Number of protein chains: 2
Amino acid sequence: MKVLIVEDDPLHRSYLHEAVNAALPECDTIVEAENGTEAERLARDHKSAHIVMDLQMQTRNGIEAARTIWKERPDTRILFWSNYSDEAYVRGVARIVPDGAAFGYVLKSASEERLKLALRSIFIEAQCVIDREVRGMQQKSLGQTKGVSDSEYEILIDIALGLTDRAIARRRNLSLRSVQNRLQQLYEKLDVYQSSSDEQDEGRFNLRARAVAVALLRKLLNYNALERAETELAEWLDIRN
Amino acid sequence: MKVLIVEDDPLHRSYLHEAVNAALPECDTIVEAENGTEAERLARDHKSAHIVMDLQMQTRNGIEAARTIWKERPDTRILFWSNYSDEAYVRGVARIVPDGAAFGYVLKSASEERLKLALRSIFIEAQCVIDREVRGMQQKSLGQTKGVSDSEYEILIDIALGLTDRAIARRRNLSLRSVQNRLQQLYEKLDVYQSSSDEQDEGRFNLRARAVAVALLRKLLNYNALERAETELAEWLDIRN
DNA sequence: ATAAATGGTGCGGGATCACGCAAGACGAAA
DNA sequence: TTTCGTCTTGCGTGATCCCGCACCATTTAT
């Protein structure tokens, strides 16, 4: 068995190396990459079916890399090893995992035992392992119970990018009024009215900007999500001019 | 000499421990904290004058901790050891360092040699050491040459929090028009017009929201800065109602 | 000292946003 | 089939935003 480790921090990389060695005696070769692009290349060259990688890396993040890797070889098993359980990351991962693929998501704060267990479960047993803390997020984000629905999330991203209502309407093929409807749904979900209608006129908020702020504070949105959205927007702009 | 290490990642913590041992033979005791609040307590108890700490920690970040520590003991020497050189972090640090205090800012990606050198320079020689890469940021952020000035940064934070023009005017004791003036300056600095006036009507941006987006993408703003600003805002709201 | 730059303020208007009201479309439940 | 809920869209309005055109007060430069 071959394992590809993708992690930009050398300390964490060597830690992962040891963990893989200890947890998977059936693993004979370990390959290491320190960013997303390198990971894609190595995964292609080595036909790696077993990858453990960090989500946040400076040059090319884990989600991007995972997407292209899975596109080429959908049965690849990937264990994401991340510092954060931000809803934005969970959404990002959930959005790209192919049907039936085995993957995992464990936090760096998890014990070494947990990491080793996850390694065996995914790479040997082909089971999905998702950290308890992250699991809560996922339920909330995919189920339409309490959290923000997909269409609301979509429009959240659009206003976070700074698009106009009209521009969003064009992009998503909606009427202007529909966009504004969704915006209002979003505002309610994010509880943006709370502080503005509070006392008299004090602390009045610009709803649109406030929505982005609370989304960031609640980690519904983060830098990576924004960055991805920005490149997608740029592509879309290129196509239609 | 006593050194306090503040770092939430155990791997990095032990790495720092070794580095301090190797670089500072005159150091006889090393104390470790794994978050900001613990750091404040330990700094107080041990009267630590030498601290090396991470900036981003989940429970209480380094900037908060450093501020209270420096408030109690302004001659404390602090070496910040951070993953990122975001302008938001640099600004955050620059904003709180007392006059004449020795401090440092080195990136985690720096070589071990560089870290050790910085440790000696700051703790022994009381010199300020700032990573080359970070230095560029600082020049840009403090000098009014190209970057965003302080007043512009202030208003950037306000719109990022989602405040109305009127609310900002009240908060900063300005007229409504002045707020809007500053906003326009900010829009120019952030080059928000670029894409909107580009072609015909395509890709129209909501300037206010777009400004926040590009500030985030340029790392002028980040989660921590926003979080700090949010608590400051909450305090301000408390005072005046 | 006069001139230019810098920063705050008022006025006014066109564009955009937030949103109530209401009508049509579609699938699900009765 | 009827009815209900969700989604989409149009119309209209008041609030807010963006910003050009002044005017004035300080500072800085010549």
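All values reported here derive from a predicted model rather than from experimental measurement. Order of the sequence lines sets the chain letters (A, B, ...), proteins ahead of strands, with each chain counted from 1.
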Parallel, tilted or perpendicular for A:Trp70 and A:Phe103, by the 30°/60° rule? perpendicular
Would A:Asp158 and A:Arg171 pass as an ion pair if we require N to O under 4.0 Å? yes
Testing B:Val212, B:Leu207, B:Val214, B:Asn206 one by one against B:Arg210 for a side-chain contact (heavy atoms from CB on, under 4.5 Å), which residue passes? B:Val214
Taking for B:Val179 and for B:Asn206 the nucleotide of DNA chain C with the nearest heavy atom, the one nearer the 5' end belongs to B:Val179
Does any non-hydrogen side-chain atom of A:Met53 lie less than 4.5 Å from one of A:Trp81? no
OP1 or OP2 of C:dC19 less than 4.0 angstrom from a side-chain nitrogen or oxygen of A:Tyr193, does that happen here? yes
C:dT16 C1' sits how many Å from A:Arg170 CZ, rounded? 14 Å
Length of the CD-P vector between A:Gln184 and C:dC21, whole Å: 12 Å
Go through D:dC18, C:dA18, D:dT16 for me and flag the one nearest to the A:Leu183 side chain. C:dA18
If I take atom CG in residue A:Leu163 and atom P in nucleotide C:dT16, what distance separates them, rounded to the nearest angstrom? 14 Å
Could you state the atom-to-atom distance from CG of B:Asp158 to P of D:dC17 in whole Å? 12 Å
Going from CG on B:Leu174 to CD1 on B:Ile155, what distance comes out if it is rounded to the nearest 0.5 angstrom? 7.5 Å
Nearest atoms (heavy-atom pairs only) where A:Ala39 meets A:Ile69: O-CD1, 4.2 Å
Where along nucleotides 23-28 of chain D does protein come under 4.0 Å, by heavy atom, of base (B) or sugar-phosphate alone (S), with - for untouched nucleotides? ------
Measure the distance from CG on B:Leu186 to C1' on C:dG7 and round it to the nearest whole Å. 16 Å
May I have the distance from B:Leu176 (atom CG) to D:dG20 (atom P), rounded to whole angstrom? 17 Å
So, B:Asn224 versus B:Asn61: side-chain donor-acceptor pair below 3.5 Å or not? yes
Hey, what are the protein-to-nucleotides 11-13 of chain D N/O distances that come in under 3.5 Å?
unit_1: D:dC11; atom_1: N4; unit_2: A:Arg177; atom_2: NE; d: 3.2

Do A:Glu152 and A:Leu156 have side chains that approach each other closer than 4.5 Å (heavy atoms only, starting at C-beta)? no
Atom CG of B:Leu207 to atom P of D:dG20: distance rounded to whole Å? 11 Å
Atom pairs under 3.5 Å, N or O on each side, protein against nucleotides 5-8 of chain D: can you list them with distances?
unit_1: D:dT8; atom_1: OP1; unit_2: A:Arg182; atom_2: NH2; d: 2.6
unit_1: D:dT8; atom_1: OP2; unit_2: A:Arg182; atom_2: NE; d: 3.4
unit_1: D:dT8; atom_1: OP2; unit_2: A:Arg182; atom_2: NH2; d: 3.3

Tell me: CD1 of A:Ile159 to C1' of C:dC17, nearest whole Å? 12 Å
If you check every side-chain atom of A:Thr164, which of C:dT16, C:dA18, D:dC17 has the closest atom? C:dT16
Over all atoms of both residues, closest heavy-atom pair of B:Gly62 and B:Met57: N-CE, 3.8 Å
Taking the six-membered ring for Trp, are B:Tyr84 and B:Tyr89 parallel (under 30°), tilted (30 to 60°) or perpendicular (over 60°)? parallel
Distance-minimising heavy-atom pair for A:Asn35 and A:Val6: O-CG1, 3.8 Å
Closest heavy-atom contact between A:Asp131 and A:Ala110? OD2-CB, 4.1 Å
